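Computed from a predicted model, the values in this text were never measured in an experiment.
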Amino acid sequence: MATSHTIPTRLSNLQSELLKLYSYNVSDEQLRDIQKMLADYFARKIDSEMDRLWEANDWSEQTVESWKSEHMRHRRRAALERYF
């Protein structure tokens with residue numbers, strides 16, 4: 001399935017900020033720390049969004065259990081696309 005992606009002509013604010021870091025030489029340990037900080041940040045954002053979705057949709061463990069037996073992949077994908 002081919003998708004069309006446009007290549008941005010400007011850097012995003014995140015890309016611009018990260019490029020500023022590239023002028024510094026950091027140790028491997030510092031690099032790992034920075035990678036972990038970024039991963040942790042985005043993990044927290046995902047957790048917050050999932051918490052919001054659970055609350056907004058009144059999902060429960062029973063909801064997750066019912067998903068396990070569903071075979072309506074396209075319907076679920078369409079529902080998830082509304083949120084993401």
Quick one: salt bridge (Lys or Arg N to Asp or Glu O under 4.0 Å) partners of [X], sequence neighbours excluded?
{"X": "Lys36", "value": "Asp40"}
{"X": "Glu29", "value": "none"}
{"X": "Glu17", "value": "Lys20"}

Salt bridge (charged side-chain N to carboxylate O under 4.0 Å, His left out), that's the test. Do Arg52 and Glu49 meet it? Break it down for me.
CA-CA 5 Å; Arg52 187 191 69 74; Glu49 180 62 11; 2.7 Å; yes
To the nearest 0.5 angstrom, please state how far the [atom1] atom of [X] sits from the [atom2] atom of [Y].
{"X": "Asp58", "Y": "Thr63", "atom1": "CG", "atom2": "OG1", "value": "7.5 Å"}
{"X": "Gln30", "Y": "Asn25", "atom1": "CD", "atom2": "CG", "value": "10.0 Å"}
{"X": "Ser27", "Y": "Asp33", "atom1": "OG", "atom2": "CG", "value": "7.5 Å"}

Are any of the side-chain heavy atoms of Trp67 and Val64 separated by less than 4.5 Å?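 Yes - at least one pair of side-chain heavy atoms lies under 4.5 Å apart.
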### Query
Are the side chain of Ser16 and the backbone of Asn13 linked by a donor-acceptor contact shorter than 3.5 Å?
no
Which residues pass the side-chain contact (heavy atoms from CB on, under 4.5 Å) test with [X], sequence neighbours left out?
{"X": "Ser12", "value": "Leu14, Gln15"}
{"X": "Tyr22", "value": "Leu19"}
{"X": "Glu65", "value": "Lys68"}

*asked:* Could you see if Ile46 belongs to whatever hydrophobic cluster contains Leu38? Use Ile, Leu, Val, Met, Phe, Trp, Tyr and a side-chain cutoff under 4.5 Å.
replied: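 Ile46 does not cluster with Leu38.
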